[in-house]
Amino acid sequence: MNEEQRHEFVYRGWRFAYCARRMATGVYRPEVVCLGEGTATQETMLPNDTNEIAYATEAEALRHAQQQAMRWVHDRTGDGQGQL
């Protein structure tokens with residue numbers, strides 16, 4: 001993940017970095033890395049969950065990346081997705 005493209009945010013104590021990678025075809029693919037919980041640092045690339053779907057705009061791909069990170073937290077904390 002290129003530092004210039006990278007955005008970071010914290011959700012329920014988990015830290016994430018995300019970006020929208022522009023593909024050769026001109027579409028964007030979301031990428032998300034979990035940076036760890038709290039102050040602990042352990043980078044984990046979240047698996048692609050778009051099933052080969054790409055987005056026409058960078059903004060759409062970035063929104064998907066944030067939502068993917070939030071779902072990832074909910075899956076691990078047992079909070080369910082009803083709170084998104």
Side-chain angles (χ1 to χ4, degrees):
M1 186 176 293
N2 185 335
E3 289 296 318
E4 294 136 17
Q5 300 171 321
R6 182 175 162 145
H7 303 275
E8 293 187 14
F9 80 108
V10 176
Y11 183 73
R12 296 192 173 190
W14 291 86
R15 296 177 297 113
F16 295 92
Y18 64 101
C19 73
R21 184 172 307 277
R22 186 177 175 122
M23 308 306 288
T25 58
V27 297
Y28 293 87
R29 303 277 315 210
E31 291 185 1
V32 185
V33 175
C34 177
L35 301 175
E37 184 178 19
T39 58
T41 301
Q42 179 181 350
E43 290 195 14
T44 304
M45 179 70 101
L46 273 59
N48 180 3
D49 72 344
T50 58
N51 295 325
E52 302 306 316
I53 296 170
Y55 294 90
T57 68
E58 182 179 19
E60 289 173 316
L62 291 173
R63 276 193 298 277
H64 178 92
Q66 282 185 326
Q67 291 169 352
Q68 180 183 1
M70 290 187 287
R71 283 190 302 273
W72 189 89
V73 169
H74 287 279
D75 288 350
R76 276 143 191 83
T77 60
D79 290 339
Q81 293 185 13
Q83 298 177 27
L84 289 179

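In this structure, the separation between CD on Q66 and CZ on R71 is 11.5 Å, given to the nearest 0.5 Å. To the nearest 0.5 Å, the span separating CZ on R22 from OG1 on T57 amounts to 11.0 Å. Rounding to the nearest 0.5 Å places CZ of R12 at 14.5 Å from CZ of R76.
Nearest approach of W14 to E37, heavy atoms of both residues: CZ2-OE1, 3.5 Å. Considering all non-hydrogen atoms of both residues, R29 and A61 come closest at C-CB, 4.4 Å. In terms of heavy atoms, L62 sits closest to A20 at CD2-N, 3.6 Å. Here the closest non-hydrogen pair linking L46 and V33 is CD1-C, 4.4 Å. When all heavy atoms of V32 and A69 are compared, the pair lying nearest together is CG1-CB, 4.0 Å. In terms of heavy-atom proximity, P47 sits nearest to Q68 at O-NE2, 2.6 Å.
The aromatic rings of H74 and Y11 lie tilted to each other, with the angle between the two planes from 30° to 60°.
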message = Checking D49 against W72 for the side chain to side chain contact (heavy atoms under 4.5 Å, CB included) test, could you report, in this order, the C-alpha distance in whole Å, the side-chain angles of both residues, the deciding distance, and whether it holds?
response = CA-CA 11 Å; D49 72 344; W72 189 89; over 6 Å; no
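Here the two rings, on Y18 and H64, have centers that are 6.0 Å apart or farther.
Looking only at distances, no side-chain donor or acceptor of R15 sits under 3.5 Å from a matching main-chain atom of C34.
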